[in-house]
Number of protein chains: 2
Amino acid sequence: MAVTIKDVAKKAGVNASTVSRVIKDSSQISDRTKTIVRKAMAELGYTRNAAAQILASGKTNTIGVVFPPVDNKSSQPFFMKILTAINETARESNVSIAIATGHTQKELKKQVQLMYSERRVDGFIVLYAGKTDSVREYLFGNNIPYVLVGTPSEHQNEITHVDNDNKLLGHEAVRHLAQLGHKNIAFVTDTKEGEVFAERFQGFNEEMMSRGLTSSLLKFGQNFSIGKATALIVIDDVLSLRVLERLKAQNLSVPDDISLITFNNSIFGTIMHPFLTTFDINVTRLGAASVGKFLDLLNSTSHYHEKTVIPFELILRESTKAK
Amino acid sequence: MAVTIKDVAKKAGVNASTVSRVIKDSSQISDRTKTIVRKAMAELGYTRNAAAQILASGKTNTIGVVFPPVDNKSSQPFFMKILTAINETARESNVSIAIATGHTQKELKKQVQLMYSERRVDGFIVLYAGKTDSVREYLFGNNIPYVLVGTPSEHQNEITHVDNDNKLLGHEAVRHLAQLGHKNIAFVTDTKEGEVFAERFQGFNEEMMSRGLTSSLLKFGQNFSIGKATALIVIDDVLSLRVLERLKAQNLSVPDDISLITFNNSIFGTIMHPFLTTFDINVTRLGAASVGKFLDLLNSTSHYHEKTVIPFELILRESTKAK
DNA sequence: CTGAAAGCGCTTACAG
DNA sequence: CTGAAAGCGCTTACAG
């Protein structure tokens with residue numbers, strides 16, 4: 001029914017193997033033959049059968065994308081954005097994407113295992129980092145090719161990963177505020193878990209110290225108070241929205257009374273005024289790089305695991321102001 | 001290298017075709033044989049090769065999920081949520097998911113065409129409705145099985161689709177407000193495009209009329225003013241956040257001065273106070289039903305296209321109050 | 001209830 | 001530069 005390589009071969013007056021070679025643009029085929037075969041393909045409307053190609057070649061040319069096993073997490077715009085970027089970059093290299101989602105770590109692991117053992121994917125891109133979970137243990141333990149988006153807590157030297165420089169991000173946040181004349185700067189977070197917090201906070205600390213300023217850490221919760229801070233560095237823009245609300249309730253105006261800078265540049269930063277001054281972490285490039293690195297991993301004989309650092313960019317908006 | 005059906009057959013002392021039948025739990029195989037074969041599979045750690053199975057059977061058992069061709073749209077939590085639901089439901093029926101994303105309609109169409117012609121998918125679930133675009137024209141014109149999430153503007157009777165009853169949603173919003181004693185109720189939107197607006201607004205109108213109330217439509221923009229309204233029905237919760245901010249700027253308090261009810265129950269409804277009273281549209285069931293309907297479509301010989309209506313639920317929170 | 005055989009549509013050494 | 005052949009790992013009529 002559907003047109004196959006044989007139909008093309010017959011029409012072009014060549015062997016099927018020649019058609020196959022033309023498809024992959026093999027250098028051993030003469031230009032004359034290529035032209036003839038391509039014409040035949042076009043006339044018949046040939047498209048290759050993916051399953052046949054995968055079975056015969058032994059390569060799936062598809063990457064499994066693993067989402068974090070927590071519902072609320074994946075509702076963040078970040079995930080949809082990076083999925084789009086990954087999909088687009090992959091397509092440019094003619095590779096497909098399969099996705100793995102699950103409510104629990106166990107479900108997720110089952111799915112990842114199945115995908116790999118059914119030979120649906122060549123490996124994975126994992127969209128969460130931090131502490132090793134059973135999914136990543138499985139990948140790591142079985143030497144399955146994968147790259148992490150984010151920074152792992154352990155084995156950093158043995159895992160290919162792609163991330164921003166979160167420590168530098170902490171430094172830069174302080175720098176921006178200090179340039180505006182702020183000295184009493186506090187770091188605000190709702191969680192002390194994870195590498196992202198650890199690194200951004202460390203960078204903050206280092207920069208404060210190097211400027212002879214005393215740093216303070218504010219945990220956002222019930223009785224949140226900014227003390228004598230004149231500027232806040234908030235761990236991400238969703239929390240910033242809550243902080244903003246609390247400040248308003250305390251009759252503190254941003255940026256007039258207090259400056260606020262944050263990270264990620266998600267859609268949450270421009271929903272309400274003041275629009276947030278924030279660091280864009282370049283999700284599109286994170287996604288593109290993760291695909292690139294994965295493909296490198298697959299093709300390289302050497303098992304060299306490196307970290308790729310994606311640059312960020314300060315987006316100046318309305319929430320910071322000179323003191 | 002990997003263990004195949006042949007290895008299992010040898011170990012179990014049967015023919016490969018028998019193993020194949022055991023895998024699909026064919027009723028023609030004796031229980032005794034099934035037990036023996038399953039034991040052999042377990043001992044060898046057999047998993048079937050997806051590509052071989054697809055090639056031999058001619059069925060891909062995978063569904064292509066098509067995202068809307070607009071960036072900002074897909075950043076809404078809705079899409080990640082429904083993708084997760086679709087993936088989970090599909091997995092329960094042993095079907096896989098492939099995704100199609102693109103910045104433009106043209107890109108998207110190219111991708112959809114390729115997926116289908118390479119025989120990677122049996123058909124599609126399209127995550128946007130409204131007016132027909134070139135992607136859906138292609139699907140419709142070529143008789144490719146697909147289901148729509150949402151309500152199409154045309155051919156409603158010839159397209160299988162899954163949606164909430166948006167008109168009823170409009171009715172119910174008025175009902176809730178009327179029960180609280182409100183009479184001056186306005187509908188607020190930032191766009192008049194699309195079936196969602198059309199239907200919710202129509203339901204609003206009908207219900208207002210049947211109660212002898214005069215309905216009014218407010219377009220949200222520069223000089224937004226609520227007039228003499230005491231209650232607002234806002235098209236979705238993202239816009240609600242902006243409306244809330246504008247009201248605050250006008251020294252109007254929600255819900256004390258004015259009530260606000262909205263739709264979708266996304267994460268945006270509980271970021272800031274007042275938490276929004278909203279209708280949950282049950283995204284998880286939308287996703288699950290779209291998979292179910294798609295599978296029905298594939299297996300049915302009759303080409304009967306129906307609409308599936310997913311129930312919604314009122315989530316009472318802080319933004320509405322008795323007058 | 002089970003086996004033997006052909007076939008799905010490609011790829012890839014091997015020859016020439 | 002091209003062809004003939006074997007093989008990838010399944011499924012599925014066909015027989016018995």
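Protein chains get the first letters and strands the later ones, always in sequence-line order, with residue 1 at the start of each. Just so it is clear, the structure is predicted and the values come from calculations on it, not from any experiment. Hydrogens, waters and symmetry mates are skipped; everything else that's a heavy atom, side chains included, is used.
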Item to check | Position toward the 5' end of DNA chain C (nearest nucleotide), B/R32 or B/S57 | outcome: B/R32

If you round to the nearest 0.5 Å, how far is [atom2] of [Y] from [atom1] of [X]?
{"X": "B/R91", "Y": "B/I97", "atom1": "CZ", "atom2": "CD1", "result": "10.5 Å"}
{"X": "A/L83", "Y": "A/I86", "atom1": "CG", "atom2": "CD1", "result": "6.5 Å"}
{"X": "B/H161", "Y": "B/Q156", "atom1": "NE2", "atom2": "CD", "result": "5.0 Å"}

[X] [atom1] to [N] [atom2], straight-line distance once rounded to whole Å:
{"X": "A/Q53", "N": "C/dC8", "atom1": "CD", "atom2": "C1'", "value": "15 Å"}
{"X": "B/I23", "N": "D/dT12", "atom1": "CD1", "atom2": "P", "value": "12 Å"}
{"X": "A/N61", "N": "C/dC10", "atom1": "CG", "atom2": "C1'", "value": "14 Å"}
{"X": "B/D25", "N": "D/dT12", "atom1": "CG", "atom2": "P", "value": "15 Å"}
{"X": "B/K10", "N": "D/dC10", "atom1": "NZ", "atom2": "C1'", "value": "17 Å"}
{"X": "B/R119", "N": "C/dG9", "atom1": "CZ", "atom2": "C1'", "value": "9 Å"}
{"X": "B/M41", "N": "D/dG9", "atom1": "CE", "atom2": "P", "value": "17 Å"}

Any donor-acceptor N/O pair, [X] side chain to [Y] backbone, under 3.5 Å:
{"X": "B/S26", "Y": "B/Q28", "result": "yes"}
{"X": "B/N15", "Y": "B/S17", "result": "yes"}
{"X": "B/T33", "Y": "B/I29", "result": "no"}

Item to check | Sidechain N-carboxylate O distance under 4.0 Å for B/D25, B/R38 | outcome: yes

Item to check | side chain to side chain contact (heavy atoms under 4.5 Å, CB included) against A/K131, all qualifying residues, sequence neighbours excluded | outcome: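 Side chain to side chain contact (heavy atoms under 4.5 Å, CB included) check on A/K131 returns A/S153, A/E193.
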
Next on the checklist: Going by the rule side chain to side chain contact (heavy atoms under 4.5 Å, CB included), which residues pair with A/S134 if we only count those two or more places apart in sequence or in a different chain?
Outcome noted: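 A/Q105, A/K109.
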
Checklist entry - Looking only at side-chain N and O atoms, does B/T18 come under 4.0 Å of OP1 or OP2 in C/dG3? => result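 B/T18 to C/dG3 OP1/OP2: side-chain N or O found under 4.0 Å.
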
Checklist entry - Between C/dA4 and B/N15, is there an OP1 or OP2 to side-chain N/O distance shorter than 4.0 Å? => result yes

Item to check | Step-by-step side chain to side chain contact (heavy atoms under 4.5 Å, CB included) determination, A/V66 to A/L127 | outcome: CA-CA 6 Å; A/V66 186; A/L127 296 186; over 6 Å; no

Checklist entry - Do A/N87 and B/Q111 come within less than 4.5 Å of each other through their side chains, counting heavy atoms only? => result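 Yes, at least one pair of side-chain atoms sits under 4.5 Å.
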
Check every atom of [options] against the side chain of [X] and return the nucleotide holding the closest atom.
{"X": "B/L55", "options": "D/dC8, D/dG3, C/dC8", "result": "C/dC8"}
{"X": "B/K24", "options": "D/dG9, C/dC10, D/dT11", "result": "D/dT11"}
{"X": "B/A56", "options": "C/dG3, C/dC8, C/dC10", "result": "C/dC8"}
{"X": "B/T33", "options": "C/dC1, D/dC1, D/dC8", "result": "C/dC1"}

Do any N or O atoms of the protein come closer than 3.5 Å to N or O atoms of nucleotides 13-16 of chain C, and which pairs are they?
residue	atom	partner	partner atom	Å
C/dA13	N6	A/R21	NH2	2.5

Checklist entry - Could you give all pairs that pass the side-chain hydrogen bond (donor to acceptor under 3.5 Å, both in side chains) test and reach residues 51-69 of chain B, with sequence neighbours left out? => result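 Only B/T60-B/D122 qualify under side-chain hydrogen bond (donor to acceptor under 3.5 Å, both in side chains).
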
Next on the checklist: Contact list please: residues 42-50 of chain A against DNA chain D, heavy atoms, distance less than 4.0 Å, in numerical order.
Outcome noted: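 When residues 42-50 of chain A is checked for heavy atoms under 4.0 Å from DNA chain D, there are no hits whatsoever.
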
Checklist entry - Mapping A/D31 and B/I5 to their closest nucleotides on DNA chain D, which lands nearer the 5' end? => result A/D31

Checklist entry - If you look at every strand shown and take non-hydrogen atoms under 4.0 Å, does A/S30 touch a base, only sugar-phosphate, or nothing? => result sugar-phosphate

Checklist entry - Across the strands shown, which category fits B/K6 at heavy-atom distances under 4.0 angstrom: base, sugar-phosphate, nothing? => result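 Since no nucleic acid heavy atom lies under 4.0 Å of B/K6, the category is nothing.
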
Item to check | For DNA chain C, stems built from three or more consecutive Watson-Crick or G-U wobble pairs below 3.5 Å | outcome: C:1-3 with D:14-16, C:5-12 with D:5-12, C:14-16 with D:1-3

